[in-house]
Amino acid sequence: MSGEEARREKNEQRVVMKKQEAEILQWDALPAQLIREFQELSAEELLHKMENILGFTNHRTCVRETVLLHYYLFGFWWAKEARFTPTQTSFTMAVLHMLLENLREKQMSSVDNLVVLIKAIAVACHCSPSDEDTTSLLDNNEAAALICYVTK
């Protein structure tokens with residue numbers, strides 16, 4: 001393989017990696033202002049807001065709704081206590097949702113789901129040397145904290 005072919009192949013690999021990174025980091029982000037408002041709420045107020053957002057009207061009698069509501073509520077509260085920015089909090093909620101959907105819809109094993117988690121966090125921590133003006137979504141400590149939270 002010539003030097004030119006090797007460079008072209010390496011560039012193609014970078015393009016594929018960038019595409020994969022973009023796919024992993026795309027989530028339906030809640031507006032930062034809404035996250036900020038939620039971060040100012042008490043636990044009970046946040047519970048009522050999440051009830052409405054998730055459409056859980058039977059959470060007092062339905063164990064499934066109760067568990068799901070608390071899953072999201074505790075995740076949000078954890079991100080708040082970890083002093084995550086609104087974008088980081090939104091990402092955390094998206095990761096929690098993705099993991100839950102992987103278990104429910106795709107019936108992934110815990111190991112496969114952990115691999116997906118690590119890939120998502122690796123992308124969130126990655127900052128390409130060519131992107132000098134950008135910073136990563138999570139630093140190493142924040143990523144480690146999120147992994148610990150999810151795996152406990």
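Test Arg83, Arg36, Gln39 against Thr89 for side-chain contact (heavy atoms from CB on, under 4.5 Å) and you get one pass: Gln39. Here the options are Trp78, Phe91, Tyr149, the test is ring pair (Phe, Tyr, Trp, His ring centres under 6.0 Å), and the partner is Phe84; only Trp78 passes.
By the criterion of side-chain heavy atoms lying less than 4.5 angstrom apart, applied directly or through intervening Ile, Leu, Val, Met, Phe, Trp or Tyr residues, Leu103 is not grouped with Ile118; the two fall into different hydrophobic clusters.
The side-chain heavy atoms of Ile35 and Thr85, taken from C-beta on, include no pair separated by under 4.5 Å. Side-chain contact between Leu54 and Leu68: absent, with no pair of heavy atoms (C-beta onward) separated by less than 4.5 Å.
Among pairs with a residue in residues 90-109, those fulfilling salt bridge (charged side-chain N to carboxylate O under 4.0 Å, His left out) read Glu101-Arg104, at least two apart in sequence or across chains.
Here Thr66 pairs with His59, His70 under the side chain to side chain contact (heavy atoms under 4.5 Å, CB included) rule; sequence neighbours left out.
Around the NZ atom of Lys49, the shell of radius 6.0 Å holds no more than 12 heavy atoms that belong to other residues, nucleotides or ligands. Residue Gln33 qualifies as enclosed at atom CD: its count of foreign heavy atoms under 6.0 Å is above 12. Heavy atoms of other residues, nucleotides or ligands lying less than 6.0 angstrom from CG of Asn52 number more than 12.
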Stepwise side chain to side chain contact (heavy atoms under 4.5 Å, CB included) check, Leu47 with Leu69 = CA-CA 8 Å; Leu47 175 70; Leu69 181 60; 3.3 Å; yes
Give the C-alpha distance, both sets of side-chain angles, the deciding distance and a yes or no for side chain to side chain contact (heavy atoms under 4.5 Å, CB included) between His48 and Glu45.
-> CA-CA 5 Å; His48 293 301; Glu45 292 169 329; 5.7 Å; no
Derivation of the side chain to side chain contact (heavy atoms under 4.5 Å, CB included) call for Leu99 and Val95 = CA-CA 6 Å; Leu99 296 173; Val95 165; 4.0 Å; yes
Check the pair Asp139 / Glu142 against side chain to side chain contact (heavy atoms under 4.5 Å, CB included), numbers first and verdict last.
-> CA-CA 5 Å; Asp139 66 26; Glu142 293 162 338; 3.2 Å; yes
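Of all heavy-atom pairs spanning Met93 and Gly75, the tightest one is SD-C, 3.9 Å.
Interatomic distance, Leu138 CG to Thr92 OG1, rounded to the nearest 0.5 Å: 6.5 Å. Here the SG-CG distance, from Cys125 to Leu146, works out to 9.0 Å after rounding to the nearest 0.5 Å. Atom CG of Leu46 sits about 8.0 Å away from atom OG of Ser42, to the nearest 0.5 Å. The distance from atom CD of Gln107 to atom CG of Asp112, rounded to the nearest 0.5 Å, is 12.5 Å. Rounding to the nearest 0.5 Å gives a distance of 12.0 Å between CD1 of Ile121 and OG of Ser136. We find the CE-CG distance between Met50 and Leu41 to be 9.5 Å, quoted to the nearest 0.5 Å.
Proximity of a side-chain donor or acceptor of Glu40 to a complementary backbone N or O of Glu37 within less than 3.5 Å is not detected. Glu51 places no side-chain N or O within 3.5 Å of a backbone atom of Phe56 that could act as its donor or acceptor partner. Of the possible donor and acceptor atoms, one in the side chain of Tyr71 sits under 3.5 Å from a partner among the backbone N and O of Leu96.
The aromatic rings of Phe76 and Phe38 lie perpendicular to each other, with more than 60° between the two planes, well past the 30° mark.
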